[in-house]
S.K.: 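Take this structure first; my questions come after.
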Amino acid sequence: MRLSHLPLRLTTGAFILNSGWGKRNLDAESAAGVQAMAARALPPVASMDPVTFGKMLSYAEMSLGAALLAPFIPSRLVGLGLAAFSGSLVTMYLKTPGMTEADGIRPTQQGTGLAKDIWMLGIAASLILDRKRVRAAKQ
């Protein structure tokens with residue numbers, strides 16, 4: 001892990017880990033609400049049991065958060081995981097009625113909470129695209 005990746009990974013990892021931790025014991029009604037929103041981005045999740053979905057989401061978020069915090073996991077690898085996660089959140093934001101203004105992009109007041117996930121997608125892109133510079137061997 002590069003030193004320049006440390007702030008990106010620490011802040012995002014801690015945020016996602018905490019989010020997953022908070023979803024550990026979702027009640028059936030709360031899990032069903034989260035599942036309904038997620039089904040807009042990933043339709044197959046609609047067929048799952050809501051409580052099972054809530055637990056799986058919690059475990060996935062905690063795993064991704066822990067991976068981002070673990071310095072021995074390559075940044076490009078955790079960047080790919082973060083891109084998949086944040087990409088699905090952005091898709092959910094774009095497909096949920098009432099979250100965007102008439103232009104379909106800018107968030108409404110209600111959509112601001114989901115629109116912020118675009119920053120995680122940018123962080124993922126930075127982790128994936130940043131490469132170590134290779135010095136040309138002098139001959």
Side-chain angles (χ1 to χ4, degrees):
M1 177 173 70
R2 296 178 66 179
L3 186 59
S4 62
H5 295 172
L6 191 61
L8 301 174
R9 290 181 64 165
L10 284 176
T11 55
T12 309
F15 182 85
I16 294 171
L17 180 62
N18 183 61
S19 177
W21 185 262
K23 290 181 178 90
R24 285 172 304 130
N25 298 309
L26 282 179
D27 60 75
E29 185 178 336
S30 298
V34 173
Q35 180 185 26
M37 288 184 67
R40 289 184 176 94
L42 301 165
V45 303
S47 63
M48 296 177 69
D49 171 64
V51 174
T52 302
F53 171 79
K55 292 233 182 271
M56 288 180 65
L57 178 62
S58 171
Y59 298 150
E61 286 185 7
M62 288 190 294
S63 297
L64 178 58
L68 281 157
L69 293 171
F72 55 86
I73 299 178
S75 290
R76 293 184 88 192
L77 182 60
V78 295
L80 289 170
L82 182 58
F85 176 69
S86 58
S88 63
L89 292 174
V90 170
T91 301
M92 183 174 65
Y93 156 72
L94 293 171
K95 290 187 173 187
T96 301
M99 295 291 159
T100 60
E101 296 287 346
D103 61 10
I105 301 290
R106 292 178 303 125
T108 60
Q109 188 68 24
Q110 181 184 1
T112 301
L114 286 175
K116 58 129 178 80
D117 295 327
I118 193 76
W119 294 104
M120 286 195 292
L121 194 56
I123 291 168
S126 293
L127 293 174
I128 294 167
L129 297 174
D130 190 28
R131 294 181 183 246
K132 291 183 181 178
R133 294 181 188 199
V134 179
R135 291 187 183 184
K138 294 188 178 187
Q139 297 183 3

S.K.: How many angstroms lie between CG in L68 and CZ in F15, if you round to the nearest 0.5 Å?
M.R.: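 So the CG of L68 and the CZ of F15 are separated by 12.5 Å.
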
S.K.: Give the table of side-chain donor-acceptor pairs shorter than 3.5 Å for residues 19-26, with sequence neighbours excluded, one pair per line with atom names and distance.
M.R.:
unit_1, atom_1, unit_2, atom_2, d
S19, OG, K23, NZ, 2.8
S19, OG, E61, OE1, 2.7
K23, NZ, E61, OE1, 3.2
K23, NZ, E61, OE2, 3.2
R24, NE, W21, O, 2.8

S.K.: Distance-only, no hydrogens or angles: does the R9 side chain make a donor-acceptor pair with backbone N or O of A70 under 3.5 Å?
M.R.: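 Between the backbone of A70 and the side chain of R9 there is a qualifying donor-acceptor contact (under 3.5 Å).
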
S.K.: Supply the atom-to-atom distance Q110 CD to T112 OG1, rounded to the nearest 0.5 angstrom.
M.R.: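 The CD atom of Q110 sits 9.5 Å away from the OG1 atom of T112.
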
S.K.: Please check: side-chain N/O of T12 versus main-chain N/O of L8, any donor-acceptor pairing under 3.5 Å?
M.R.: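 Looks like yes, one N/O pair under 3.5 Å.
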
S.K.: Are L89 and M120 close enough that some pair of their side-chain heavy atoms sits under 4.5 Å apart?
M.R.: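 Side chain of L89 against side chain of M120, heavy atoms only: contact under 4.5 Å found.
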
S.K.: Mind checking whether R76 and L127 have side chains closer than 4.5 Å, heavy atoms only?
M.R.: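 R76 does not reach L127 side chain to side chain.
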
S.K.: Determine, using the 4.5 Å side-chain heavy-atom cutoff (strictly less than), whether F72 and L64 are members of one ILVMFWY cluster.
M.R.: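 F72 clusters together with L64.
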
S.K.: Rounded to the nearest 0.5 Å, what's the gap from CD1 on I16 to CG on L82? Could you check?
M.R.: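 Result: 5.0 Å between the selected atoms.
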
S.K.: In this structure, would L77 and I128 fall into the same cluster of hydrophobic residues linked by side-chain contacts under 4.5 Å?
M.R.: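 Different clusters: L77 never reaches I128 through Ile, Leu, Val, Met, Phe, Trp or Tyr contacts under 4.5 Å.
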
S.K.: Got a second to check how far S86's OG is from I118's CD1, nearest 0.5 Å?
M.R.: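 Rounded to the nearest 0.5 Å, the OG-CD1 separation comes to 8.0 Å.
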
S.K.: Do Y59 and L17 share a hydrophobic cluster (ILVMFWY, side-chain heavy atoms under 4.5 Å, transitive)?
M.R.: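 Hydrophobic grouping puts Y59 with L17.
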
S.K.: For residues 33-50, please give each side-chain donor-acceptor pair under 3.5 Å, one per line with the distance, not counting sequence neighbours.
M.R.:
unit_1, atom_1, unit_2, atom_2, d
Q35, NE2, V45, O, 2.6
Q35, NE2, M48, O, 2.8
S47, OG, P44, O, 2.9
D49, OD2, V51, N, 3.4
D49, OD2, T52, N, 3.1
D49, OD2, T52, OG1, 3.1

S.K.: When hydrophobic residues are tied together by side-chain contacts of less than 4.5 Å, even through go-betweens, does L114 share a cluster with I123?
M.R.: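 Linked within one cluster.
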
S.K.: What is the minimum heavy-atom distance between A115 and P107, and which atoms define it?
M.R.: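 Smallest heavy-atom distance, with atoms named: CB-CB, 3.7 Å.
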
S.K.: With side chain to side chain contact (heavy atoms under 4.5 Å, CB included) as the criterion, how do D130 and S75 come out once you've worked through the C-alpha distance, each side chain's angles and the decisive distance to 0.1 Å?
M.R.: CA-CA 9 Å; D130 190 28; S75 290; over 6 Å; no

S.K.: Could you tell me which non-hydrogen atom of D27 sits nearest to which non-hydrogen atom of S30, and how far apart they are?
M.R.: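 Heavy atoms of D27 and S30 come nearest at OD1-N, 2.8 Å.
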
S.K.: Report all side-chain donor-acceptor pairs from residues 93-101 shorter than 3.5 Å, counting only partners two or more places apart or in another chain.
M.R.:
unit_1, atom_1, unit_2, atom_2, d
Y93, OH, I105, O, 2.4
T96, OG1, M92, O, 2.6

